[in-house]
Amino acid sequence: MANLIHGLQTLWRRLWSVSYRYPALDITLGQRHLHLVGSIHMGTRNMMPLPAVLHERLQQADALIVEADITAGASPFSESELCSPLAERLSAEQWQQLQRRCEELSIDLERVDTLPAWQVALMLQAQQAQRLGLRADCGIDYQLLQAARERQKKVIELEGPETQLALLKSLPENGLPLLEDTLQHWQTNARLLQTMVSWWLEAPPGNIGKLALPSTFSSNLNDLLMHQRNQQWCQFLHQLPAGRYVVAVGALHLYGEGNLPGLLIQR
């Protein structure tokens, strides 16, 4: 066991021997060379343009791999089933929190009152990010997709919008736990967004093993939205044809327990 741990530690140091001024690392899986990038789905204007080194990696790549092609996909708000009023689904305290957040964000509570809880959670999160100065067209994966199109690079989806939508629809109680977590961890999520932006504007995290990130999901949601998806992506990436790839996934998938890089090198 000690030899195994030592071997993994040595491999980990080798993987991180090349450092970047944005959250990224290089991983080689046989004949597959991955430039793994920690993306932020919404960004600030000063996150444009992308770093020159990232443009070079994309130019050298055979394809860009993203969670989903957000430039041409299904909207999570295109169709909705009617649910019971939110006041009946939330506790009294949570209902008051929701009223306060909707007022702060100028969201018409009547318009969202009978939407599935996961949709309300996503609307709140998107509005929160916008209030912090983040925009979808400044997001890293959006910029990468635009750059890939300009270079006529192949785009490969790890999931795709339809799969992501199906995952949201499969959450218990129409995503009520996601809405509850969004309300409970409101301030923490705001700080985490600002932290991830700083990884691109200032410097990425140092020693990944010592990085402690605040939790914004319950353990069940964290397993479903983070760990299980990391495992599925790991299997997908190991089955790629030989070649060079830029792989952009949400930055939080690169860090913490059960992170994607760790799964890739352990397999």
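Remember, predicted model here, so these are calculated numbers, not experimental data.
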dist Q164:CD -> L168:CG (nearest 0.5 Å) comes out at 7.5 Å

Next on the checklist: I'd like to check I27 versus V247 (side-chain heavy atoms, cut-off strictly below 4.5 Å). Are they in contact?
Outcome noted: no

To the nearest 0.5 Å, atom CG of D181 lies from atom CG of N189 at 10.5 Å

Passes ring pair (Phe, Tyr, Trp, His ring centres under 6.0 Å), W199 versus Y20? Steps please. CA-CA 11 Å; W199 294 349; Y20 296 93; over 10 Å; no

Discussion item. Is it the case that the side chain of R32 and the backbone of H238 share a donor-acceptor pair, with hydrogens and angles ignored and the cut-off at 3.5 Å?
Written reply: yes

Exercise. Going hydrophobic residue to hydrophobic residue with side-chain gaps under 4.5 angstrom, can you get from L263 over to M226?
Worked result: no

Start with the C-alpha distance between H33 and D26, add both sets of side-chain angles, then the distance that settles side chain to side chain donor-acceptor pair (under 3.5 Å), and finish with yes or no. CA-CA 7 Å; H33 304 280; D26 297 320; over 6 Å; no

Determine whether L254 and L25 make a side-chain contact, defined as any pair of heavy atoms from C-beta on separated by less than 4.5 Å. yes

| query | Is it the case that Q125 and T182 place a side-chain donor and acceptor less than 3.5 Å from each other? | reply | yes

- Task: Look at the side chain of W200 and the backbone N and O of G38, then say whether any donor-acceptor pair between them is shorter than 3.5 Å.
- Result: yes

Salt-bridge criterion met for D223 and R229 (N-O under 4.0 Å):
no

- prompt: Under 3.5 Å, side chain of Q235 to main-chain N/O of Q232, donor-acceptor pair present?
  reply: no

>> Walk me through whether N174 and L171 qualify under side chain to side chain contact (heavy atoms under 4.5 Å, CB included).
In response: CA-CA 6 Å; N174 285 308; L171 294 177; over 6 Å; no

Regarding E159 and W233, do their side chains bring together a donor and an acceptor under 3.5 Å, going by distance alone? yes

Item to check | Between R135 and Y142, a side-chain donor and acceptor under 3.5 Å | outcome: no

| query | Heavy-atom distance under 4.5 Å between the side chains of L29 and L240, does that happen here? | reply | no

- Query: Is there a donor-acceptor pair under 3.5 Å between the side chain of R89 and the backbone N or O of S84?
  - Reply: yes

**Request:** May I ask you to test the H253-E67 pair for a side-chain heavy-atom distance under 4.5 Å?
**Result:** yes

Taking every heavy atom of C138 against every heavy atom of G43, the minimum-distance pair comes out as CB-O, 3.4 Å

Side chains of V155 and V66, heavy atoms from C-beta outward: is any pair under 4.5 Å?
yes

*N-O pairing of E104 and R101 below 4.0 Å*: yes

Side-chain heavy-atom pair L176, L90 within 4.5 angstrom cut-off: yes

Which donor-acceptor pairs under 3.5 Å do side chains of residues 45-55 form with protein atoms, sequence neighbours excluded?
unit_1	atom_1	unit_2	atom_2	d
N46	OD1	T44	OG1	2.5
H55	ND1	R151	NH2	3.1

Fill in: Expected output: side-chain H41 to main-chain D141 donor-acceptor under 3.5 Å
no

Give every donor-acceptor pair under 3.5 Å between a side-chain atom in residues 106-114 and any protein atom, sequence neighbours left out.
unit_1	atom_1	unit_2	atom_2	d
D108	OD1	E110	N	3.1
D113	OD1	L86	N	3.0

